[in-house]
Amino acid sequence: EKLFYRRDHSDLQSSNFQQAELVTDVISAQQYLAKYGWTEPVIWDETQASNSEPLKDTSLMEEAVRSTGKRSAEPTNSPPFVEVLKKFQKLNNLPTTGRLDDATINAMNKPRCGVPDNQVSKPSQEKPSFPRTPNKGTMPSQGADAPKTR
Amino acid sequence: RKRFLDLLMNSEKNRKEQEAFQNSGGRVFNKKLLKWRMIGEGYSSQLSINEQRYVFRLAFRMWSEVMPVDFEEDNTSPLSQIDIKLGFGRGRHLGCSRAFDGSGQEFAHAWFLGDIHFDDDEHFTAPSSDNGISLLKVAVHEIGHVLGLSHIHRTGSIMQPNYIPQESGFELDWSDRRAVQSLYGSCEGPFDTVFDWVRKERNQFGEMVVRYNTYFFRNSWYWMYENRNNRTRYGDPLAVSNGWQGIPTQNIDAFVHVWTWTRDDCYFFKGTQYWRYDGENDKAYAVDAQGRTYPRLISEGFPGIPSPINAAYFDRRTQHILFFKDFQVYAFDIVRNRIAPNFPKRIVDFFPAVIKNNHPMGHLDAAYYSYTHNTLFLFKGKDFWKVLSDKDRRSNPSLPQNGVLPRRAIAEQWFDICNVHTTLLRL
């Protein structure tokens with residue numbers, strides 16, 4: 001039985017729940033950014049699994065870090081980590097420090113949708129669809145009333 | 001089994017690819033009715049099946065309310081005919097190529113034109129709960145992906161990648177509606193009738209005030225339109241039978257509000273009959289204070305007016321009800337209780353076109369006087385023609401009296417008046 005105490009089971013806990021791996025350091029942050037398409041667009045296709053997590057192999061990543069003497073491993077032909085991180089910070093309304101600070105880590109560890117933020121549907125056919133920011137000029141003036149419940 | 005699933009997925013994918021077309025880099029369905037189903041082996045371990053079904057029905061309805069696509073739950077057709085399947089799973093799940101990560105981080109994912117998977121290691125809850133992750137909010141987000149929307153980093157957007165705890169009564173905001181309508185188009189007319197319901201009320205200070213609400217009717221349902229918010233009321237359309245007791249439940253021809261110093265009467269018209277509506281008691285009169293029984297023949301209440309009519313409205317300036325039938329307009333004098341002299345007239349003569357040949361001509365759907373715009377609008381099909389107001393003519397006296405300006409799409413002025421599937425009319 002999954003553990004609960006309340007009558008309505010609203011505090012139900014998964015009995016053998018697996019905790020998702022959190023972003024804690026540069027390597028896990030790079031994995032996050034690669035996984036969700038910030039490093040380069042992800043081919044989001046339900047029949048193709050391999051392209052969705054290009055930096056999964058941490059042992060290779062760590063060896064790359066040791067061999068280059070850098071604190072972070074940079075995938076070849078990809079934007080520098082700092083630039084990618086700044087882009088992530090900007091779109092998440094964080095200070096664009098380019099550093100993996102606590103606020104950025106917290107943002108990466110928030111519950112989120114698994115669909116990549118930057119993706120292509122098929123290779124070499126479509127432009128990558130990056131997360132959009134709104135065109136504020138298109139919104140008409142609206143009433144001041146707060147939204148009502150349906 | 002894996003090979004079979006691969007084949008099945010590829011054949012389904014090919015079918016969907018054939019049914020979809022690329023539009024500005026995105027992929028969209030090209031059907032007006034999409035079928036969905038809950039995956040039998042993928043029910044949530046935390047919510048009852050009925051709770052899950054209710055949430056998904058509501059989630060699909062919320063999208064359907066803002067786009068010209070209907071969603072229908074289909075548990076009988078072959079799987080290959082189901083457009084969207086929804087299911088819960090943990091880790092490696094449901095033959096999916098992307099594993100879930102356990103509790104935290106990812107809570108769900110979806111595929112364009114495809115299926116939606118929810119991480120059963122997350123604590124999803126029904127809308128009535130304040131705890132956990134709102135299944136409704138996540139479902140609406142994932143359906144957005146299936147429809148072709150990507151993540152949007154904008155406060156308030158349902159397509160934000162991160163889960164924001166649900167404040168009470170979240171809805172699709174203006175930008176989210178425009179985003180999906182950029183893929184699927186806007187909802188369009190025609191309508192049976194459109195009117196402002198005007199009534200007197202006392203405010204919290206005991207003062208008598210006059211308020212109005214705008215209503216659009218089509219077939220057997222109606223919408224209340226919130227002019228100040230440029231959208232319909234959340235949760236509409238509703239069934240006419242629920243909101244307007246005693247009148248025909250569908251295909252109303254016209255609504256007229258006779259509002260003078262001495263009269264405050266509302267009438268619904270359909271076919272050869274009309275009903276008088278009792279606004280205080282929210283139902284049609286069976287018998288009014290004058291002893292008249294309803295429904296009543298139009299020919300008895302409005303001598304000389306033919307039926308059925310296309311449209312009607314009360315002109316407070318002239319104290320005439322204008323009845324529209326085919327290509328003619330009849331002015332009915334409510335004081336003398338007869339047709340005004342020199343009527344009927346051709347609509348195109350009484351309401352001349354400002355731009356030649358840009359005129360509805362006849363067979364109108366509705367004649368709507370809007371208190372928001374202080375203007376009369378003539379509706380036909382998906383379009384409306386604005387009738388020049390006194391204010392318009394003061395600024396340009398060369399314009400003809402009662403002139404109609406060129407047509408515009410109804411959807412350009414009144415937004416998101418969308419049907420939903422009949423199975424979603426009541427959740």
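Every chain is numbered from 1 and lettered A, B, ... according to where its sequence line falls, protein lines coming before strand lines. Here the structure is a predicted model, which is why all the values come from computation and not from measurement.
- For residues 98-111 of chain A, there are no salt bridge (charged side-chain N to carboxylate O under 4.0 Å, His left out) pairs, not counting sequence neighbours.
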> Can you list the steps and then say if B:H153 with A:W38 is a ring-ring contact (aromatic ring centres under 6.0 Å, His included)?
Replying inline: CA-CA 13 Å; B:H153 284 253; A:W38 292 85; 5.7 Å; yes
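- Remark: B:Y54 engages no residue in a ring-ring contact (aromatic ring centres under 6.0 Å, His included) (not counting sequence neighbours).
- Of the inter-residue distances, the one linking B:Q160 atom CD with A:N92 atom CG reads 9.0 Å to the nearest 0.5 angstrom.
- Between A:C113 and B:M159 there is no side-chain heavy-atom pair separated by less than 4.5 Å.
- Within the 4.5 angstrom heavy-atom criterion, only side-chain atoms of B:L58, from C-beta onward, approach chain A.
- The heavy-atom pair separating A:D117 from B:P161 by the smallest distance is OD1-CB, 3.4 Å.
- Nearest heavy-atom pair, A:A20 versus B:G104, reported as atom, atom and distance to 0.1 Å: CB-O, 3.5 Å.
- Interface remark: B:E122 contributes no atoms to any contact with chain A (heavy atom separation under 4.5 Å).
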>> Could you walk me through whether A:Y32 and B:Q105 satisfy the side chain to side chain contact (heavy atoms under 4.5 Å, CB included) test, starting with their C-alpha distance in whole Å, then the side-chain angles of each, then the deciding distance to 0.1 Å, before giving a yes or no?
In response: CA-CA 11 Å; A:Y32 176 99; B:Q105 280 260 342; 4.2 Å; yes
>> Could you walk me through whether A:V115 and B:E142 satisfy the side chain to side chain contact (heavy atoms under 4.5 Å, CB included) test, starting with their C-alpha distance in whole Å, then the side-chain angles of each, then the deciding distance to 0.1 Å, before giving a yes or no?
In response: CA-CA 9 Å; A:V115 176; B:E142 299 302 330; 4.2 Å; yes
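- Between the CZ atom of A:R112 and the NE2 atom of B:H151 there is a distance of 5.5 Å, given to the nearest 0.5 Å.
- The two residues A:Q119 and B:S150 come nearest to each other via the heavy atoms NE2-OG, 4.3 Å.
- Taking the six-membered ring for Trp and thresholds of 30 and 60 degrees, A:W44 and B:H109 have ring planes more than 60 degrees apart, a perpendicular arrangement.
- Atom CZ of B:R211 has 12 or fewer neighbouring heavy atoms from other residues, nucleotides or ligands inside a 6.0 Å radius.
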